[in-house]
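Quick notes on the structure that follows.
Remember, predicted model here, so these are calculated numbers, not experimental data. All residue numbers in this chain count up from 1 along the given sequence.
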Amino acid sequence: KITPLILTYNEAPNLERTMRQLSWANDIVVVDSFSDDDTPAIAPLFPQARVFQRRFDTHQNQWSFGLTKTDIKTPWVLALDADYGLTAELILELRNLEPQPTVNGYTVQFTYCLNGKPLRSGIYPPVNVLYRASEAIYEQDGHTHRVRINGRVGKLQSKILHDDRKSLRRWFQSQVSYAELEARKLLNKDAKLSLADRLRTWRVFAPAGVVFYCLIWRGGLLDGWRGLFYALQRGTAELMLSLYLIAPSLSERFKTKVAIKAQETAPLRSK
């Protein structure tokens, strides 16, 4: 009674590993954003997979297309990124799940991994991954999305592994666009920001703070070089965001100075 729904774009390093963990599903929907690597060739290797291609514009629209335009028949959808790994414990929990009629979705916690090795310092937040298709609506949230579920939301006891094995170059490219979209969200005066988002607006302090949080508070030092690598990644991502938050104010100050200078020199030009 569950259809996995996966979004992809150049996910060849991850997709096959994730698809193999979905052998229990009778139907798997893959929505690809016209990948130019081997992703379009990997998904059809699995007989349950139905592959759709749609030009990417926003996460909200891409997920909404997958949910409403791909003829999903089952009442429940399991929404997955291509770098999510399902543990045997989670698959068993899904098999035995008996939702109450008033429960329309479930959140799951994550274990962050680097090349298959779990980290204790991962800060990937819980996500609503399982929901009744008829009770879910996608909304844009900064650089990503969130699914709004009508009704009660429970919690799954087992975890999902977040194990992205794409290149570091690809990570940098993604973070630049993510930081720009996140900055727009945080600078929007009408946006209702969570505590975590408000902390991210601290510009200079947030990058150093997240490195300290990952290494010391979350025990990343005990993860060795992997923990240090992850902390530096998170700090770099926050530094990119800080630059995008600072840039508009510098631009406004420059424009103001130019305008003041123009006003001061106007009487001289008129003479």
Side-chain angles (χ1 to χ4, degrees), residues 2-23 25 27-74 76-86 108 110 112-113 124-125 127-131 133 136-149 160-185 233 236-237 240-241 244:
I2 299 174
T3 296
L5 170 61
I6 306 174
L7 260 57
T8 60
Y9 177 69
N10 289 351
E11 291 287 351
N14 296 314
L15 184 59
E16 183 176 359
R17 186 177 70 254
T18 299
M19 295 286 286
R20 289 191 183 282
Q21 297 165 348
L22 299 174
S23 59
D27 183 31
I28 304 171
V29 172
V30 178
V31 179
D32 182 66
S33 303
F34 289 93
S35 296
D36 52 23
D37 67 353
D38 291 337
T39 298
I42 293 173
L45 296 176
F46 297 85
Q48 320 100 301
R50 293 186 294 123
V51 182
F52 300 80
Q53 287 193 307
R54 179 184 184 276
R55 191 69 61 187
F56 183 87
D57 47 7
T58 67
H59 281 93
Q60 175 187 359
N61 291 341
Q62 203 77 343
W63 282 105
S64 297
F65 172 86
L67 177 61
T68 63
K69 303 298 183 181
T70 60
D71 196 28
I72 291 177
K73 300 295 187 182
T74 60
W76 288 84
V77 169
L78 180 66
L80 302 172
D81 287 350
D83 52 15
Y84 287 179
L86 271 61
V108 68
F110 286 78
Y112 199 93
C113 300
Y124 201 85
V127 177
N128 294 329
V129 296
L130 182 65
Y131 52 78
I137 297 176
Y138 278 97
E139 300 173 340
Q140 192 67 19
D141 185 18
H143 79 276
T144 183
H145 65 279
R146 61 181 175 182
V147 58
R148 180 161 54 86
I149 298 172
I160 287 180
L161 305 179
H162 184 284
D163 189 8
D164 188 1
R165 301 190 188 183
K166 295 189 292 293
S167 69
L168 186 60
R169 177 187 292 269
R170 171 71 183 279
W171 182 85
F172 273 106
Q173 292 171 343
S174 299
Q175 293 306 312
V176 171
S177 59
Y178 292 169
E180 184 175 7
L181 292 172
E182 284 295 302
R184 292 179 188 174
K185 169 189 170 182
Q233 271 193 319
T236 301
M240 290 181 184
L241 175 60
Y244 274 104

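- The minimum heavy-atom distance between Leu67 and Ala136, with the atom names listed, is CD2-O, 3.7 Å.
- Ile160 is not listed as a side-chain neighbour of Val127, based on a closest heavy-atom distance of 4.5 Å or more.
- Counting heavy atoms from C-beta outward, Thr236 and Phe172 have side chains that approach closer than 4.5 Å.
- Counting only residues at least two apart or in different chains, ring-ring contact (aromatic ring centres under 6.0 Å, His included) contacts with residues 49-71 comprise Phe56-His59, His59-His145, Trp63-Tyr138, Trp63-His145.
- Across all their heavy atoms, Pro44 and Pro40 have their closest contact at CD-O, 3.0 Å.
- Using a 3.5 Å distance cut-off with no hydrogens or angles, the side chains of Gln62 and Ser33 do pair a donor with an acceptor.
- With hydrogens and angles disregarded, a donor-acceptor distance shorter than 3.5 Å links the side chain of Asp164 to the backbone of Lys166.
- Taking 4.5 Å as the limit, every side-chain heavy atom of Val108 sits out of range of all side-chain heavy atoms of Leu130.
- With sequence neighbours excluded, no residue satisfies salt bridge (charged side-chain N to carboxylate O under 4.0 Å, His left out) with Arg170.
- Not one N or O on the side chain of Asp36 forms a donor-acceptor pair closer than 3.5 Å with the backbone of Asn10.
- Once rounded to the nearest 0.5 Å, the distance linking CD1 of Ile149 with CG of Asn128 reads 4.0 Å.
- Taken to the nearest 0.5 Å, the OH atom of Tyr9 stands 9.5 Å off from the OG1 atom of Thr39.
- Among residues two or more places apart in sequence or in another chain, the ring-ring contact (aromatic ring centres under 6.0 Å, His included) test is passed with Tyr112 by His162, Tyr230.
- Residues that satisfy the salt bridge (charged side-chain N to carboxylate O under 4.0 Å, His left out) test with Asp32, not counting sequence neighbours, are absent from this structure.
- The shortest distance between side-chain heavy atoms of Met19 and Ile28 falls below 4.5 Å.
- Residues forming a salt bridge (charged side-chain N to carboxylate O under 4.0 Å, His left out) with Asp71 (at least two apart in sequence, or on another chain): Lys73.
- In this structure a side-chain-to-backbone donor-acceptor pair under 3.5 Å is present from Gln48 to Ala25.
- No side-chain heavy atom of Thr8 sits less than 4.5 Å from a side-chain heavy atom of Ile42.
- Side chain of Thr18 to main chain of Ala82: a donor-acceptor pair is present (N/O by atom type, distance under 3.5 Å, no hydrogens or angles).
- Within the model, atoms CG of Asp38 and CG of Leu15 stand 10.5 Å from one another, a figure rounded to the nearest 0.5 Å.
- With hydrogens and angles disregarded, a donor-acceptor distance shorter than 3.5 Å links the side chain of Thr74 to the backbone of Thr3.
- Residues that satisfy the side chain to side chain donor-acceptor pair (under 3.5 Å) test with Asp57, not counting sequence neighbours, are Arg54, Asn61.
- Taken to the nearest 0.5 Å, the CG atom of Asp83 stands 7.5 Å off from the CZ atom of Arg17.
- Counting only distance, with no hydrogens or angles, the side chain of Asp141 and the backbone of Arg146 share no donor-acceptor pair below 3.5 Å.
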